[in-house]
Amino acid sequence: MSEKPLLSLKHAQKSFGDTPVLKDITLEVAEGEVVAIIGASGGGKSTLLRCATLLETLDGGSLAYGDLVVAEDNGAAHAVYAGKETQRQAKSRFGLVFQNFNLFPHFTVLQNITDAQVRVQKRSKKEAEARARELLAKMNLSGKENMVPCELSGGQQQRVAIARALATDPDILFFDEPTSALDPELTQGVLKVIRNLADEHMTMVVVTHEMSFARDVADRIIFMDGGVIVEEGPATEVINNPKHERTRAFLKNYGEE
């Protein structure tokens, strides 16, 4: 890649106790690229996302957002993290959408979307609310501004969560199983929003169990199993013509949608 990738994770390692969860993972994501990460539960997908978004720290390897180096390997397979200011800057470059929405339950929809804009980005309340209303319209949620999360369906809550992640204008969006808490009907609404973002060339990394969605929307698919990347390649190729036996066995369980 001629320009620095928006996300660069090299030789990432992470263990919980004596259990290695990430074993030498290297992943780069270019601007405008949509990468889907698939694999069975327990394969390390969510941990990879949590390390990339600084919710967990790497044991070894390096992490960078563009030219911003967040963690470097010290040569002895140990990750050394940059200071708080660098980490703060890194956090402003990405947005994260969780599987269980993680909205503030006592905030209105509008407050959920404006809070970080005002607190972290120091935008005026007026500017933050204008951005929030613009995103709510995009999510087909105009008129819901003064509701609290429990008054919304799961699909609506997830769309508010996506609006909140977009409100700070991140370079890259991460989704951790964004539809796994939703029933099939609500799932389609959320996937449509992500498809639209892909059409707008939003850079995204999506951990998902929705195979047909991954095939149709992602540029590249990564199949993880046992803490390693078993196979990666163009989305249609990985789904329609997997090269690795473990990938084939995994996709068979999903009926090769």
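Keep in mind that the numbers below use all heavy atoms, side chains included, and drop hydrogens, waters and symmetry copies.
- Between Thr168 and Ala116 the shortest heavy-atom distance is CG2-CB, 4.2 Å.
- By the neighbour-count criterion of 12 heavy atoms within 6.0 Å, atom CD of Glu72 is sparsely surrounded, having that number or fewer from other residues, nucleotides or ligands.
- At a threshold of 4.5 Å between non-hydrogen side-chain atoms, the residues Cys51 and Leu22 count as touching.
- Between Glu210 atom CD and Ile38 atom CD1 the span is 12.0 Å, to the nearest 0.5 Å.
- No chain of hydrophobic side-chain contacts below 4.5 Å, direct or via other Ile, Leu, Val, Met, Phe, Trp or Tyr residues, connects Phe94 to Val120.
- At least one side-chain heavy atom of Ile194 sits less than 4.5 Å from a side-chain heavy atom of Met204.
- Residue Val118 is not grouped with residue Val160 when hydrophobic side chains (ILVMFWY) are merged at heavy-atom distances under 4.5 angstrom, including chains of intermediate members.
- The side-chain contact (heavy atoms from CB on, under 4.5 Å) with Val29 is formed by just one residue from the set Leu9, Leu6, Val35; it is Val35.
- With Ser15 contributing its side chain and Asp18 its backbone, the two residues share no donor-acceptor pair below 3.5 Å.
- In terms of heavy atoms, Leu251 sits closest to Pro242 at CD1-CG, 3.9 Å.
- Judged by distance alone, the side chain of Arg195 and the main-chain N or O of Val217 form no donor-acceptor pair under 3.5 Å.
- Using a 4.5 Å heavy-atom cutoff, the side chains of Val190 and Leu186 are not in contact.
- Following chains of ILVMFWY side-chain contacts shorter than 4.5 Å, one cannot reach Leu54 starting from Val69, and the two form parts of different hydrophobic clusters.
- Checked by atom type and distance alone, the side chain of Thr86 never pairs as donor or acceptor with a backbone atom of Ala82 at under 3.5 Å.
- A distance of 15.0 Å separates NZ in Lys144 from CE in Met139, rounded to the nearest 0.5 Å.
- Phe104 is not listed as a side-chain neighbour of Val148, based on a closest heavy-atom distance of 4.5 Å or more.
- Judged purely by atom type and a 3.5 angstrom limit, Lys23 uses its side chain to pair as donor or acceptor with the backbone of Gly226.
- Side-chain heavy atoms closer than 4.5 Å link hydrophobic residues (I, L, V, M, F, W, Y) into clusters, and following such links, possibly through other members, connects Val70 to Leu55.
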Donor-acceptor contacts, no H, no angles, side chain residues 227-236, under 3.5 Å, sequence neighbours left out:
residue : atom : partner : partner atom : Å
Glu231  : OE1  : Lys243  : N            : 3.3
Glu231  : OE1  : His244  : N            : 2.8
Glu231  : OE1  : Thr247  : OG1          : 2.7
Glu231  : OE2  : Lys243  : N            : 2.8
Glu232  : OE1  : Arg220  : NH1          : 2.8

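- Looking at Phe175 and Thr208, their side chains never come closer than 4.5 Å, going by heavy atoms from C-beta outward.
- The backbone N or O of His11 lies less than 3.5 Å from a partner atom in the side chain of Thr26, making a donor-acceptor pair.
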Fill in: Residue pair Ser46, Asp176: steps toward the side chain to side chain donor-acceptor pair (under 3.5 Å) verdict
CA-CA 6 Å; Ser46 288; Asp176 189 6; 2.9 Å; yes
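- Considering all non-hydrogen atoms of both residues, Gln158 and Leu182 come closest at CB-CD1, 4.5 Å.
- One N or O on the side chain of Asp219 and one on the backbone of Val34 form a donor-acceptor pair closer than 3.5 Å.
- Note that CZ of Arg159 and NZ of Lys138 are 14.0 Å apart. Values are rounded to the nearest 0.5 Å.
- The shortest non-hydrogen separation linking Glu145 to Gly143 is OE1-N, 2.9 Å.
- Counting non-hydrogen atoms of other residues, nucleotides and ligands closer than 6.0 Å to CG of Asp183 gives a total above 12.
- No donor-acceptor pair under 3.5 Å is formed between the side chain of Thr108 and the backbone N or O of Asn146.
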Practice prompt. Assess whether side-chain contact (heavy atoms from CB on, under 4.5 Å) is satisfied between Ile113 and Arg133, documenting all intermediate values.
Written response: CA-CA 9 Å; Ile113 301 172; Arg133 289 178 197 281; over 6 Å; no
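- Under a 3.5 Å cut-off, the side chain of Tyr81 and the backbone N or O of Leu58 do form a donor-acceptor pair.
- Residues Thr179 and Leu191 come closest through the heavy atom pair CG2-CD2, 3.7 Å.
- In this structure, Arg123 does not pair ionically with Asp115, as no charged nitrogen and carboxylate oxygen lie closer than 4.0 Å.
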Practice prompt. In sequence, state the C-alpha distance, the side-chain angles, and the governing distance for Arg50 and Thr57, and then conclude on side-chain contact (heavy atoms from CB on, under 4.5 Å).
Written response: CA-CA 8 Å; Arg50 290 179 68 81; Thr57 53; over 6 Å; no
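- Rounded to the nearest 0.5 angstrom, Asp67 CG and Ser8 OG are separated by 12.0 Å.
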Discussion item. Please determine whether side chain to side chain donor-acceptor pair (under 3.5 Å) holds for the pair Ser180 and Gln99, giving the CA-CA distance in whole Å, both sets of side-chain angles, and the decisive distance to 0.1 Å.
Written reply: CA-CA 6 Å; Ser180 67; Gln99 87 186 48; 3.3 Å; yes
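- Between Val205 and Leu173, every side-chain heavy-atom pair lies at or beyond the 4.5 Å cut-off.
- Gln188 places no side-chain N or O within 3.5 Å of a backbone atom of Glu185 that could act as its donor or acceptor partner.
- Judged by distance alone, the side chain of Glu33 and the main-chain N or O of Ala30 form a donor-acceptor pair under 3.5 Å.
- By the rule that hydrophobic residues join a cluster once side-chain heavy atoms approach within less than 4.5 Å of another member, Leu141 and Leu152 end up as members of one cluster.
- For the residue pair Leu49 and Ile37, the shortest heavy atom distance occurs at CD1-CD1, 4.4 Å.
- Side-chain contact between Leu27 and Lys10 is absent, with no heavy-atom pair separated by less than 4.5 Å.
- To the nearest 0.5 Å, atoms CE (Met211) and CG (Asn253) are separated by 10.0 Å.
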Discussion item. Walk me through whether Phe98 and Glu177 qualify under side-chain contact (heavy atoms from CB on, under 4.5 Å).
Written reply: CA-CA 7 Å; Phe98 299 88; Glu177 300 279 12; over 6 Å; no
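- Remark: Arg93 CZ to Thr53 OG1 distance equals 15.5 Å, nearest 0.5 Å.
- Side-chain contact between Leu197 and Leu166 is present, with at least one heavy-atom pair separated by less than 4.5 Å.
- Under the side-chain contact (heavy atoms from CB on, under 4.5 Å) criterion, Glu85 pairs with Arg88, Gln89, sequence neighbours left out.
- Comment: Asp225 does not engage Lys45 in a salt bridge, judged by the lack of any side-chain N to carboxylate O separation of less than 4.0 angstrom.
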Discussion item. side-chain contact (heavy atoms from CB on, under 4.5 Å), that's the test. Do Lys4 and Tyr65 meet it? Break it down for me.
Written reply: CA-CA 9 Å; Lys4 281 188 184 293; Tyr65 278 92; over 6 Å; no
